Amino acid sequence: MTTSLDNLKQTGTIVVSDSGDFESIDTYKPQDATTNPSLILAAANKPAYARLIDVAVQYGKSKGGSLENQANAAMDRLLVEFGKEILAIIPGRVSTEVDARLSFDKEGTKAKVPVLFFLISSHTPYNSDDHPLQAKELIALYESLGIRKERILIKIASTWEGIQAARELERDDGIHCNLTLLFGFGQAVACAEAGVTLISPFVGRILDWYKKATGKNYEGDEDPGVKSVKKIFNYYKQHGYKTIVMGASFRNTGEIKSLAGVDFLTISPALLEELRKSTDPVPKRLDAQAAAQAEPMPKVSFIDSEPEFRWTLLEDQMAFEKLHEGIRKFAEDGETLKSLLRKKLSA
């Protein structure tokens with residue numbers, strides 16, 4: 001029996017699992033997986049993942065120093081433990097998110113990335129004095145354990161600072177980035193100009209904003225989140241950008257089906273299960289060749305003009321509000337997760 005999930009995959013869209021609950025991931029046979037602090041927090045509270053918490057806590061204790069230093073070390077190790085477990089299940093890549101509090105700190109974001117690669121690639125204790133070591137050296141350790149850097153996407157918020165950090169990581173170090181919390185067209189253009197590997201426009205959160213602002217219901221091609229992704233997809237294909245468009249944060253399977261044919265879709269287990277239980281057809285709605293030949297969209301640029309980028313973002317009330325709301329939420333969930341680790345470290 002061919003399911004709607006099978007039909008979606010047959011449109012050419014790569015299906016990605018949006019979950020930290022890796023015990024459920026293999027059911028849907030995704031190519032890749034994405035995580036974020038909120039998803040890791042939800043999974044970490046389940047008894048099945050207590051062993052990962054224990055590993056992280058022991059690692060934090062081994063670092064010594066203040067409780068905060070131990071909690072920071074344990075937090076990094078926990079994110080990496082989830083990533084390693086997921087990579088053992090999927091054939092593709094896992095996205096690991098940097099601390100949301102670094103969203104407006106380009107150099108801090110860049111510095112954090114080598115630490116994540118170091119922790120993934122080596123069980124050698126991380127020393128804060130080694131923080132400046134070049135990412136290439138750390139990635140070499142990572143690859144020596146048989147996990148290639150190509151299997152990791154570093155998730156960074158689509159702020160001006162985040163996009164510039166990703167630009168340099170991709171260009172200078174060959175570190176692949178997933179620019180997340182993307183809500184506006186200007187953000188998408190800057191990401192493509194920066195040469196990032198992948199972007200994650202948040203379809204459902206865009207819908208949420210418009211429903212609250214207008215009191216209207218939107219479905220299918222009228223869904224503002226769907227329209228946003230289609231516009232980005234068409235623009236990228238028309239202007240030859242290689243950045244992957246991965247729709248994210250869906251509220252229903254109708255949004256997913258309306259974007260069938262887009263490069264990637266990252267989908268929660270609940271919606272993956274709904275697609276797996278359905279046999280409804282999923283026709284291809286987006287096509288790269290058709291997009292490239294559609295009504296021309298004028299080329300614009302933001303990557304080298306911070307004032308222009310910031311003004312464009314500010315003018316888009318939805319994008320501005322949802323970006324900052326998302327950063328705050330991820331930071332709050334990250335702190336809640338760290339608090340859990342602090343309690344265990346103090347026990």
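Please read all numbers here as calculations on a predicted model, not as lab measurements.
At least one side-chain heavy atom of Val226 sits under 4.5 Å from a side-chain heavy atom of Leu259. Leu78 is not listed as a side-chain neighbour of Tyr59, based on a closest heavy-atom distance of 4.5 Å or more. Side-chain atoms of Met1 and Asp6, non-hydrogen and from C-beta on, never get closer than 4.5 Å to each other. Contact of the Val203 side chain with the Ser249 side chain is not registered, since no non-hydrogen atoms from C-beta on lie closer than 4.5 Å. For the pair Glu85/Tyr49, no side-chain contact is recorded, criterion being any heavy-atom separation below 4.5 Å from C-beta on. A heavy-atom distance below 4.5 Å is found between the side chains of Lys29 and Lys9. The shortest side-chain heavy-atom distance between Leu345 and Leu67 falls under the 4.5 Å cut-off. Between Asn36 and Thr180, every side-chain heavy-atom pair lies at or beyond the 4.5 Å cut-off.
Looking at every heavy atom in both residues, Ile156 comes nearest to Ala166 through CD1-CB, 4.3 Å. The minimum heavy-atom distance between Lys237 and Ala288, with the atom names listed, is CB-O, 3.8 Å. Across Gly60 and Ala73, no two heavy atoms sit closer than the pair CA-CB, 4.3 Å. Of all the heavy atoms in Thr243 and Ala192, the pair that sits closest is OG1-CA, 3.7 Å. Taking every heavy atom of both residues into account, Ser301 and Glu193 meet most closely at OG-OE2, 2.5 Å. Scanning all heavy atoms of the two residues, the minimum distance from Lys149 to His176 falls at O-CD2, 4.4 Å.
For the residue pair Ser268 / Asp18, no side-chain donor-acceptor distance below 3.5 Å is found, with atom types taken as modelled. Donor-acceptor pairing under 3.5 Å is lacking for the side chains of Ser4 and Asn7. Under 3.5 Å, the side chains of Gln164 and Glu168 contain no donor-acceptor pair of N or O atoms. Ser24 and Tyr28 share no donor-acceptor pair across their side chains, judged by distance under 3.5 Å alone. Counting only N and O atoms by type, the side chains of Thr197 and Glu170 include a donor and acceptor under 3.5 Å apart. Between the side chains of Asn72 and Lys63, no donor-acceptor pair is found at a separation under 3.5 Å.
Within 6.0 Å of the NZ atom in Lys343, the count of heavy atoms belonging to other residues, nucleotides or ligands does not exceed 12. Environment of NZ in Lys284: crowded, with over 12 heavy atoms of neighbouring residues, nucleotides or ligands closer than 6.0 Å.
Distance CD/Glu321 to CH2/Trp209: 6.0 Å, rounded to 0.5 Å. Taking CZ of Arg151 as the start and CZ of Arg93 as the end, the distance is 10.5 Å to the nearest 0.5 Å.
The aromatic rings of Phe202 and Phe183 sit perpendicular to each other, their planes meeting at more than 60°, with 30° as the lower class boundary.
Salt bridge present: Glu161 and Arg310 bring a charged side-chain N and a carboxylate O closer than 4.0 Å. Salt bridge annotation for Lys227-Asp221: absent, with no cationic side-chain nitrogen under 4.0 angstrom from a carboxylate oxygen.
Clustering of Ile, Leu, Val, Met, Phe, Trp and Tyr side chains at separations under 4.5 Å places Leu198 together with Ile14, Val16, Leu153, Ile244, Met246, Phe264.
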message = The test is side-chain contact (heavy atoms from CB on, under 4.5 Å); show your working for Ile267 and Leu8 and say whether it passes.
response = CA-CA 12 Å; Ile267 307 170; Leu8 175 62; 4.0 Å; yes

message = Please evaluate residues Lys216 and Glu222 with respect to the criterion salt bridge (Lys or Arg N to Asp or Glu O under 4.0 Å), reporting the C-alpha separation (whole Å), side-chain torsions for both, the decisive distance (0.1 Å), and the verdict.
response = CA-CA 11 Å; Lys216 297 179 181 178; Glu222 295 305 309; over 6 Å; no

task = Take Glu332 and Arg328, measure what salt bridge (Lys or Arg N to Asp or Glu O under 4.0 Å) needs, and give me the verdict at the end.
result = CA-CA 6 Å; Glu332 289 168 2; Arg328 284 195 302 272; 5.5 Å; no

query = Can you list the steps and then say if Arg342 with Glu68 is a salt bridge (Lys or Arg N to Asp or Glu O under 4.0 Å)?
reply = CA-CA 8 Å; Arg342 285 193 197 99; Glu68 194 61 24; 3.0 Å; yes

request  = Could you walk me through whether Asp223 and Lys230 pass the salt bridge (Lys or Arg N to Asp or Glu O under 4.0 Å) test, one step at a time?
outcome  = CA-CA 11 Å; Asp223 184 310; Lys230 287 184 175 181; over 6 Å; no

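Residues passing the side chain to side chain donor-acceptor pair (under 3.5 Å) test with Thr266, sequence neighbours excluded: Thr34. Take Asn252 and apply the side chain to side chain donor-acceptor pair (under 3.5 Å) test, not counting sequence neighbours, and it matches no residue. Listed by chain and residue number, nothing satisfies the side chain to side chain donor-acceptor pair (under 3.5 Å) test with Glu219 (two or more places apart in sequence, or in another chain). With sequence neighbours left out, the salt bridge (charged side-chain N to carboxylate O under 4.0 Å, His left out) criterion links Glu325 to Lys322.
No side-chain donor-acceptor contact under 3.5 Å links Ser228 to the backbone of Pro224. Asp287 places a side-chain N or O within 3.5 Å of a backbone atom of Ala290 that can act as its donor or acceptor partner.
Follow the hydrophobic side-chain contacts under 4.5 Å out from Phe22 and you never reach Leu39; the two are in separate clusters. There is a path of hydrophobic side-chain contacts, each under 4.5 Å, that joins Met318 to Ile232. Hydrophobic clustering (side-chain heavy atoms under 4.5 Å, transitive across Ile, Leu, Val, Met, Phe, Trp, Tyr) keeps Val55 apart from Ile86.
When Leu179, Leu182, Leu181 are each tested for a side chain to side chain contact (heavy atoms under 4.5 Å, CB included) with Gln187, only one passes: Leu182.
Legend: salt bridge (charged side-chain N to carboxylate O under 4.0 Å, His left out) pairs involving residues 194-214, not counting sequence neighbours, sorted by first then second residue: Asp208-Arg251.
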